[in-house]
Enquirer: 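Got a structure for you, questions after.
On a predicted model such as this, the values are computed, not experimentally measured, just so you know. Starting from 1, each residue takes its place in the sequence as its number.
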Amino acid sequence: MLSAAAQSAEGLKYEVRIDAPTDVRELLEHNLDLVRFRGNDRIDREQLQRLVRVAPEQIRTLVATDGYYSPVVSASLDREAPGTPVVQVKVEPGQPVRVGEVDLSLQGFAANPDQPADQQFDVNALKSAWPLKKGAIFRQDEWESAKRAMLRSVVQTRYPRAQLVESQATVDPEAHLANLRVAIDSGPEMRFGELRIEGLKRYPDKVVRNLNQISPGDYYSEAALQSYQSRLQDTGYFASVEVSADTSAILTEQLDAAAMTPEQNAATAMAPLPLLVRVVENKRKNVSAGIGYSTNTGNRTSLTYDDLSVFGLRMKSALTLETKKQTATSNFYFPVTPEGYNDSIGASFERSDISGEVTSVASIAGKRTWGTPLLERSLTLELLTETKTIGGIPSSQSKSLPLTYGVTWRKLDNLLFPTKGYALNAQVGGALLPILTDEAFVRGYARGVAYLPLGVSTNAIFRGELGALTSRNKDGVPAVYLFRAGGDQSVRGYGYQELGVPVDGAITGGRYLATASAEYQYWFKPQYGAAVFYDAGNAGDTISALHPKSGYGVGARWKSPVGPINVDVAYGHAVHKYRLHFSLGFTF
């Protein structure tokens, strides 16, 4: 047995048994001092008795925050029981207090006679959005949250200086009702003023100004500020960006308000808020290197070099060496135009040896993209020359000048870890004119993915691809514009681009493509899951040649900090082999 001195040094051990409904018991287990101080080395029998004495009052205070204002509470220490002391707590919470009358007083918010009805601030909608409705249990945290949410919805648009001027909850324990009153003063209706930029040193101010979609005179909107800040952060020019309304300019003017006439004061209150952008520039040059492995293209080493100011343009260059593919690229990006166009020019060289087909492609391209993450469009003009070797057939060369238009639609609940919604990409283009082109062609391609939640921890994923190309002679069309299937993002169970048209022991691209995939995921923990899947598809020179090759298997899923990691074991039915597939991220 421990000596009395040893027990005192370690603190008195005791148990707490709470007899109460589940929600009340959980509240007490997380907040009651009797529970929180178990194991504290300063607790002795005298301290324990004090905690038991004050427990009923603390319990009444705690359960009142959960809507119970007339509880029957008892707490006692079983002194007679041998061994570890036991504290018995019993709570009968009684009938909860519910919300009675709700008086929402909105002061200010005067209608603007210069604005049409559909652009007026919707006061009725603000009142309707009040979350703590009549008849709901009156809980303290929900009461505070409701007030914050209401004020927040006001200060985010038009009225950034709104204030909560009155907040009162009158509780009648006998009637079990709480009557609420909340009063908000809107303050003046605010609009944006001129753009001010701080922190630019190396880069031209058009990289900031051209992305600004807020015009002087627009109503204050926190959403507009956040959207502008996000666009600036995505440029890569800045280590940090802060976009805000410059309230300090207005406050400075208000310091002299006492010396102003009422008319001058009113004019100051309505003065526009300057739009302030504070930036910290990224270092101009950056070099990085990496190693990796892909089940599609094998071992990988990479070297990248970025320069944010080359003749006023942003340059990104990369050298990637993989077992089956080697690529060198260099692209120059113009600042985004005021109309929202992202223009770039670039050059690349790629050599690949995949399924017996060896290609070397050199290209220069100009590209324009515009739109939003929900609807993104692009136009690409590319001049490329290709050298291709297939099996024992002598090498052939081709050149082409294709123009391609692409559209991507996204409607996803989360761009990094989607569980609901869809994404669709469609492309149409080709080389139609006999200018720097050996073989005219027209090409169409579409791929999509849909996410369907089936329950709290289960979901389904459906993928599909379709492609078609028409030309008089396929041999003059660059291999990059033909179609092959197989690999991590296509038909699992087969090698990367292993499905296509057999030619002299190699697999080459075909005129047509069709693939489909269905996957069921089960998340046994928020970050970890398992999957079963079935893929099918093929590529060929005729539609009748698209005999689907199937693959099916199981996989593991992990929501890593950098994106979803997928590890799959798939069985290729046509080749009677198992294959491991590994992929990182959601690419669309």
Enquirer: Please name the pair of heavy atoms, one in Ala431 and one in Leu401, separated by the smallest distance, quoted to 0.1 Å.
Expert: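 Minimum heavy-atom contact is CB-O, 3.8 Å.
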
Enquirer: Taking the basic N atoms (NZ, or NE/NH1/NH2) and the acidic carboxylate oxygens, is any pair closer than 4.0 Å for Arg152 and Glu222?
Expert: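 Answer for the salt bridge query: yes.
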
Enquirer: Does any donor atom in the side chain of Ser348 or Ser363 lie under 3.5 Å from an acceptor atom in the other side chain?
Expert: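 On atom types as modelled, these side chains qualify, holding a pair under 3.5 Å.
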
Enquirer: Say you draw a straight line from OG of Ser317 to CZ of Phe332; how long is it, rounded to the nearest 0.5 Å?
Expert: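 It comes to 6.5 Å.
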
Enquirer: Between Arg314 and Tyr237, is any pair of side-chain heavy atoms under 4.5 Å apart?
Expert: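 Result yes, sub-4.5 Å side-chain heavy-atom pair found.
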
Enquirer: Any sub-3.5 Å donor-acceptor pair from Asn538's side-chain atoms to Pro548's backbone N or O?
Expert: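 It does not hold such a pair.
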
Enquirer: Checking side-chain polar atoms at under 3.5 Å, does Ser398 have a donor or acceptor matched by the opposite partner on Asp438?
Expert: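 Looking only at side-chain atoms, Asp438 and Ser398 do not form any donor-acceptor pair under 3.5 Å.
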
Enquirer: Inspect the surroundings of NZ in Lys325 and state if more than 12 heavy atoms from other residues, nucleotides or ligands are less than 6.0 Å away.
Expert: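 Counting other residues, nucleotides and ligands, NZ of Lys325 exceeds 12 neighbours.
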
Enquirer: Taking it one step at a time, do Tyr528 and Arg557 satisfy side-chain contact (heavy atoms from CB on, under 4.5 Å)?
Expert: CA-CA 6 Å; Tyr528 299 94; Arg557 303 290 181 262; over 6 Å; no

Enquirer: What is the minimum heavy-atom distance between Gly217 and Arg191, and which atoms define it?
Expert: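 Smallest heavy-atom distance, with atoms named: O-NH1, 2.8 Å.
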
Enquirer: Regarding Asn425 and Thr408, do their side chains bring together a donor and an acceptor under 3.5 Å, going by distance alone?
Expert: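 Indeed, the side chains of Asn425 and Thr408 share at least one donor-acceptor pair under 3.5 Å.
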
Enquirer: To the nearest 0.5 angstrom, please state how far the NZ atom of Lys474 sits from the CZ atom of Arg511.
Expert: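 Spacing of NZ (Lys474) from CZ (Arg511) equals 7.0 Å.
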
Enquirer: Before accepting this row, confirm whether a basic side-chain N of the pair Glu519/Arg492 lies closer than 4.0 Å to the acidic partner's carboxylate O.
Expert: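 Here Glu519 pairs with Arg492 in a salt bridge, since their nearest N and O are under 4.0 Å apart.
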
Enquirer: Would the distance check show the side chain of Ser517 and the main-chain N or O of Phe462 forming a donor-acceptor pair, the cut-off being under 3.5 Å?
Expert: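 Absent.
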
Enquirer: Could you tell me if the side chain of Asn212 sits less than 4.5 Å from the side chain of Leu275, heavy atoms only?
Expert: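 Touching, per the 4.5 Å side-chain cut-off.
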
Enquirer: Where the side chain of Asn342 meets the backbone of Trp370, is there a donor-acceptor pair that is under 3.5 Å apart?
Expert: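 No, Asn342 side chain to Trp370 backbone: no donor-acceptor pair under 3.5 Å.
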
Enquirer: Trp523 ring centre to Lys559 NZ or CZ under 6.0 Å, with the angle to the axis within 45°?
Expert: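 Yes - Lys559 lies over the ring of Trp523, closer than 6.0 Å to its centre and within 45° of its axis.
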
Enquirer: Using a cut-off of 6.0 Å, state whether more than 12 heavy atoms not belonging to Phe349 lie near its atom CZ.
Expert: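 Yes, CZ of Phe349 has more than 12 neighbouring heavy atoms, counting only those of other groups under 6.0 Å.
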
Enquirer: Is the side chain of Arg463 donor-acceptor paired with the backbone N or O of Gln489 at a distance under 3.5 Å, no angle test?
Expert: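 Yes; judged by distance alone, with no hydrogens or angles, the pair exists.
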
Enquirer: Can you check whether Ala224's main-chain N or O pairs, donor with acceptor, with Ser221's side chain at less than 3.5 Å?
Expert: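 Here the side-chain-to-backbone pair exists.
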
Enquirer: Pair Arg209, Leu195 - check side-chain contact (heavy atoms from CB on, under 4.5 Å), show working.
Expert: CA-CA 8 Å; Arg209 293 188 180 277; Leu195 175 64; 3.7 Å; yes

Enquirer: Provide the closest heavy-atom pair for Ala479 versus Thr359 in the form atom of the first, atom of the second, distance.
Expert: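 Heavy-atom minimum between the residues: CB-CG2, 4.1 Å.
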
Enquirer: Within the structure provided, determine whether Lys549 and His573 are in side-chain contact (heavy-atom separation under 4.5 Å).
Expert: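 With C-beta onward as the side chain, the pair stays apart.
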
Enquirer: In plain terms, say whether Asp246 and Arg196 are close enough for a salt bridge, that is, a side-chain N and a carboxylate O under 4.0 Å apart.
Expert: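 Between Arg196 and Asp246 there is a salt bridge, with a charged N closer than 4.0 Å to a carboxylate O.
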
Enquirer: Cation-pi between Arg158 and Tyr219: NZ/CZ under 6.0 Å from ring centre and within 45° of the ring axis?
Expert: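 Here Arg158 passes the 6.0 Å and 45° test against Tyr219.
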
Enquirer: Pro453 and Thr419: which non-hydrogen atoms are nearest, and at how many Å?
Expert: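 Distance-wise, the nearest heavy atoms are CD-O, 3.5 Å.
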
Enquirer: Are the side chains of Leu200 and Val279 in touch, meaning some heavy atoms are under 4.5 Å apart?
Expert: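 In contact.
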
Enquirer: So does Lys367 have more than 12 non-hydrogen atoms from other groups sitting under 6.0 Å from NZ?
Expert: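 Atom NZ in Lys367 is not packed in, count stays at 12 or less.
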
Enquirer: Does the side chain of Thr387 pick up a donor-acceptor pair with the side chain of Ser395 at under 3.5 Å?
Expert: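 No, because no side-chain N or O of Thr387 sits under 3.5 Å from a partner of the opposite role on Ser395.
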
Enquirer: Quick check, are the ring centers of Tyr552 and Phe533 under 6.0 angstrom apart?
Expert: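 Between Phe533 and Tyr552, which both carry aromatic rings, the centre distance is not below 6.0 Å.
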
Enquirer: Please report the closest heavy-atom contact between Pro160 and Leu273, naming both atoms and the distance.
Expert: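 What the structure gives for the nearest pair is CG-CD1, 4.0 Å.
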
Enquirer: Are the side chain of Asn414 and the backbone N or O of Leu416 linked by a donor-acceptor pair below 3.5 Å?
Expert: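 Yes; judged by distance alone, with no hydrogens or angles, the pair exists.
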
Enquirer: Rounded to the nearest 0.5 Å, what separation is found between the OG atom of Ser215 and the CD atom of Glu194?
Expert: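 The CD atom of Glu194 is 10.0 Å from OG of Ser215, to the nearest 0.5 Å.
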
Enquirer: Thr515 and Ser490: which non-hydrogen atoms are nearest, and at how many Å?
Expert: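 Residues Thr515 and Ser490, closest heavy atoms: CG2-OG, 4.0 Å.
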
Enquirer: Side chains of Leu379 and Leu381: does their closest heavy-atom pair fall under 4.5 Å?
Expert: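 The answer is no; the side chains never approach within 4.5 Å.
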
Enquirer: Taking it one step at a time, do Leu469 and Phe483 satisfy side-chain contact (heavy atoms from CB on, under 4.5 Å)?
Expert: CA-CA 9 Å; Leu469 177 140; Phe483 301 105; 4.2 Å; yes

Enquirer: I need the Ile291 CD1 to Thr301 OG1 distance, nearest 0.5 Å.
Expert: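 Answer rounded to 0.5 Å: 8.5 Å.
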
Enquirer: For Glu439 and Asn473, test the side chains for any donor-to-acceptor distance below 3.5 angstrom and give the result as yes or no.
Expert: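 On atom types as modelled, these side chains do not qualify, holding no pair under 3.5 Å.
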
Enquirer: Calculate, to the nearest 0.5 Å, the distance between atoms OG and CD belonging to Ser378 and Gln427 respectively.
Expert: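 Rounded to the nearest 0.5 Å, the OG-CD separation comes to 7.0 Å.
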
Enquirer: Salt bridge (charged side-chain N to carboxylate O under 4.0 Å, His left out) with Asp307: which of Arg202, Arg284, Lys283?
Expert: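 Going through Arg202, Arg284, Lys283 one by one, the salt bridge (charged side-chain N to carboxylate O under 4.0 Å, His left out) with Asp307 is satisfied by Arg284 alone.
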
Enquirer: Does Arg410 come within less than 4.0 Å of Glu376, counting only side-chain N to carboxylate O?
Expert: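 Between Glu376 and Arg410 there is a salt bridge, with a charged N closer than 4.0 Å to a carboxylate O.
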
Enquirer: Given Val243 and Leu232, is the side-chain contact (heavy atoms from CB on, under 4.5 Å) satisfied, shown in steps?
Expert: CA-CA 9 Å; Val243 179; Leu232 290 172; 4.0 Å; yes

Enquirer: Looking at Ala570, is its backbone amide N or carbonyl O close enough to the side chain of His581 to form a donor-acceptor pair, meaning the two atoms are under 3.5 Å apart?
Expert: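 Side chain of His581 to backbone of Ala570: no pair is present.
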
Enquirer: Just checking, any donor-acceptor pair under 3.5 angstrom between side chains of Ser288 and Thr304?
Expert: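 Checked: Ser288/Thr304 side chains pair up, N/O donor to acceptor below 3.5 Å.
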
Enquirer: May I ask you to decide if Gly298's main-chain N or O and Ser294's side chain share a donor-acceptor pair within less than 3.5 Å?
Expert: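 No, the answer is negative, given that no donor and acceptor are paired below the 3.5 Å cut-off.
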
Enquirer: Roughly how far, to the nearest 0.5 Å, is the CG atom of Asp343 from the OG1 atom of Thr369?
Expert: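 If we round to the nearest 0.5 Å, Thr369:OG1 and Asp343:CG are 7.5 Å apart.
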
Enquirer: Do Asp488 and Ser583 have side-chain atoms, one donor and one acceptor, less than 3.5 Å apart?
Expert: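 Distance-only check fails for Asp488 and Ser583.
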
Enquirer: Between Tyr220 and Glu189, do the side chains contain a donor N or O and an acceptor N or O under 3.5 Å apart?
Expert: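 Not at all, the side chains of Glu189 and Tyr220 share no donor-acceptor pair under 3.5 Å.
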
Enquirer: Quick check: do Thr327 and Leu319 have side-chain heavy atoms less than 4.5 Å from each other?
Expert: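 When only atoms from C-beta onward are counted, Leu319 and Thr327 do not touch, as no gap falls below 4.5 Å.
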
Enquirer: Are side-chain N/O atoms of Arg231 and Ser227 paired as donor and acceptor at under 3.5 Å?
Expert: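 A pair is found: one side chain offers a donor N or O, the other an acceptor, under 3.5 Å apart.
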
Enquirer: Does Gly495 offer a backbone N or O that forms a donor-acceptor pair with the side chain of Glu498 under 3.5 Å?
Expert: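 The answer is yes, because a donor-acceptor pair under 3.5 Å joins these two groups.
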
Enquirer: Surrounding CD of Glu339 (heavy atoms of other residues, nucleotides or ligands, distance under 6.0 Å), is the total greater than 12?
Expert: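 Yes.
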
Enquirer: Does the distance from a Lys or Arg side-chain N to an Asp or Glu carboxylate O, for Arg484 and Glu357, drop under 4.0 Å?
Expert: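 Salt bridge flag = yes for Glu357 with Arg484.
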
Enquirer: Is any side-chain heavy atom of Lys577 closer than 4.5 Å to one of Tyr494?
Expert: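 SC-SC contact between Tyr494 and Lys577 ruled out.
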
Enquirer: Using ring centroids (six-membered ring only for Trp), state whether Tyr159 and Phe121 fall under 6.0 Å.
Expert: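 For Phe121 and Tyr159, the ring centres are under 6.0 Å apart.
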
Enquirer: Under the 3.5 angstrom rule, does the side chain of Thr323 hit a backbone N or O of Asn299 as a donor-acceptor pair?
Expert: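 Pair found, side chain donor or acceptor close to backbone of Asn299.
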
Enquirer: Do Tyr451 and Tyr422 make the cut of ring centroids closer than 6.0 angstrom?
Expert: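 That pair fails the under 6.0 Å test.
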
Enquirer: Between Asp353 and Lys324, does any NZ, NE, NH1 or NH2 come within less than 4.0 Å of an OD or OE carboxylate oxygen?
Expert: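 No salt bridge links Lys324 with Asp353.
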
Enquirer: Using the ring of Tyr481 (Phe, Tyr or Trp, six-membered ring only), decide whether Arg443 places NZ or CZ under 6.0 Å from its centre and within 45 degrees of its axis.
Expert: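 Not flagged: Arg443 not positioned over aromatic ring of Tyr481.
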
